[in-house]
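Notes follow the structure.
Because the structure is predicted, anything quoted here is derived from the model rather than measured.
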Amino acid sequence: MLFLWGTLIAEPFHIFARYIAEAVTYVSGKAGAPDIITSLVLYLVTAGVILLMQKVSRTKFGIYMPCVIATVFIAVFAGRSLAKHSVDYKDAICLALPAIAGIILYLMRSEKGLKWFTDIYTYSLAIALLNALLFVPLSRLNSIVDKLLYITNYNDLNITWSFGGLAGIPELVWGLFFTAFAVFPIIYLATSSRRN
């Protein structure tokens, strides 16, 4: 997933991260929160959603997660399209494809396939967070690194930029700090579910 993140194949999962970012930014904007608070809330919400999805995926409701996610995002997309009086056909196709795949898996009653699909949604969001916290600050070091890290072309979670220079600490160091706090519980839950 990490290597595919900078390609169009992962676009349905970019939309997942984008909708979360837009929701947090909208609420923070309405509350008049400064950029640094918005970034911190976005970090906490995204990490929280990942951990919640990991927990739910281990229950009997885990197989329903792809259906719930697809339904919610299609409803949001439809609402936004009606409000704007226009349809983004690329997003429509990208949201329809996972929904169709989920329907096929449900019709086939493939519990294993649905669990894999749930994991793909969960860990694609983890990749989006890792990309925003680690690879985006790395890509800003110079143009050569930016070209090598093609996965940063699709970054919807703007988290570290507002922390750059805070307390004299560079953006990359903040990114490493936030990455450490997010990655350890995610890895712990992932490996503990394998042990169970």
Side-chain angles (χ1 to χ4, degrees), residues 5-6 10-56 65 68-92 94-95 98 121-142 145-146 149 151-186 189:
W5 192 251
E11 184 61 22
F13 309 107
H14 298 155
I15 294 171
F16 186 18
R18 190 180 313 140
Y19 279 10
I20 290 172
E22 287 175 359
V24 169
T25 304
Y26 176 79
V27 172
S28 294
K30 288 289 183 185
D35 290 340
I36 198 163
I37 298 298
T38 302
S39 295
L40 185 60
V41 170
L42 180 56
Y43 166 73
L44 293 172
V45 167
T46 306
V49 168
I50 295 165
L51 295 172
L52 180 64
M53 288 175 69
Q54 283 184 295
K55 283 286 196 184
V56 173
M65 278 175 51
V68 170
I69 292 168
T71 303
V72 168
F73 286 164
I74 288 172
V76 169
F77 174 78
R80 291 174 61 165
S81 297
L82 287 171
K84 292 179 180 177
H85 302 293
S86 66
V87 176
D88 184 331
Y89 291 102
K90 186 185 89 171
D91 279 6
C94 288
L95 288 172
Y121 265 116
T122 302
Y123 295 109
S124 68
L125 192 56
I127 293 296
L129 186 61
L130 181 66
N131 182 43
L133 295 175
L134 190 59
F135 297 116
V136 169
L138 271 173
S139 71
R140 290 183 180 142
L141 292 177
N142 62 52
V145 176
D146 185 38
L149 294 174
I151 61 170
T152 60
N153 295 336
Y154 292 95
N155 177 46
D156 298 296
L157 305 174
N158 293 313
I159 297 171
T160 56
W161 68 273
S162 61
F163 285 91
L166 181 68
I169 300 171
E171 179 184 2
L172 180 57
V173 176
W174 280 111
L176 288 167
F177 174 76
F178 286 129
T179 300
F181 272 95
V183 165
F184 288 126
I186 291 168
L189 283 176

query: Would you find a donor on one side and an acceptor on the other, under 3.5 Å apart, between the side chain of Thr25 and the backbone of Glu22?
result: no
message: Using 0.5 Å steps for rounding, measure from the OG atom of Ser28 to the CD1 atom of Ile36.
response: 12.5 Å
task: May I have the step-by-step check of side chain to side chain contact (heavy atoms under 4.5 Å, CB included) for Tyr19 and Leu95, ending in yes or no?
output: CA-CA 12 Å; Tyr19 279 10; Leu95 288 172; 4.0 Å; yes
query: CG/Leu172 to OG/Ser139 distance, rounded to the nearest 0.5 angstrom?
result: 10.0 Å
field: Straight-line distance of Leu134 CG to Leu138 CG, nearest 0.5 Å
entry: 5.0 Å
- prompt: Is there a side-chain contact between Arg140 and Thr152 (heavy atoms, below 4.5 Å)?
  reply: no
- prompt: Is it true that a side-chain atom of Gln54 and a backbone atom of Ile186 form a donor plus acceptor pair closer than 3.5 Å?
  reply: yes
Min side-chain heavy-atom separation Phe163-Leu40 under 4.5 Å: yes
field: From Tyr121, Phe73, Tyr123, residue fulfilling ring-ring contact (aromatic ring centres under 6.0 Å, His included) relative to Phe13
entry: Tyr121
message: Distance check, rounded to the nearest 0.5 Å: Phe16 atom CZ versus Thr122 atom OG1?
response: 7.0 Å
- prompt: Per the ring-ring contact (aromatic ring centres under 6.0 Å, His included) rule, which among Phe181, Trp174, Phe178 passes with Tyr43?
  reply: Phe178
query: Considering all heavy atoms of both residues, which atom of Pro137 and which atom of Ala132 are nearest to each other, and what is their separation?
result: CD-O, 3.4 Å
message: Salt bridge check, Asp91 against Arg18: does any charged N sit closer than 4.0 Å to a carboxylate O?
response: yes
Residue pair Ser39 / Asn158, side-chain heavy-atom distance below 4.5 Å: no
Close side-chain approach of Trp161 and Val136, heavy atoms under 4.5 Å: no
- request: Report the distance from atom CG of Leu157 to atom CG of Leu133, rounding to the nearest 0.5 Å.
  value: 8.0 Å
message: Assess the residue pair Leu125 and Ile20 against the criterion (side chain to side chain contact (heavy atoms under 4.5 Å, CB included)); give the C-alpha distance rounded to whole Å, side-chain angles, the decisive distance to 0.1 Å, and a yes or no.
response: CA-CA 10 Å; Leu125 192 56; Ile20 290 172; 3.8 Å; yes
query: If every non-hydrogen atom of Ser162 is compared with every non-hydrogen atom of Asp35, which pair is closest and at what distance?
result: OG-O, 3.7 Å
statement: d(Cys94 SG, Asp88 CG) to nearest 0.5 Å is 8.5 Å
Ile159 vs Leu129 side-chain heavy atoms within contact, under 4.5 Å: yes
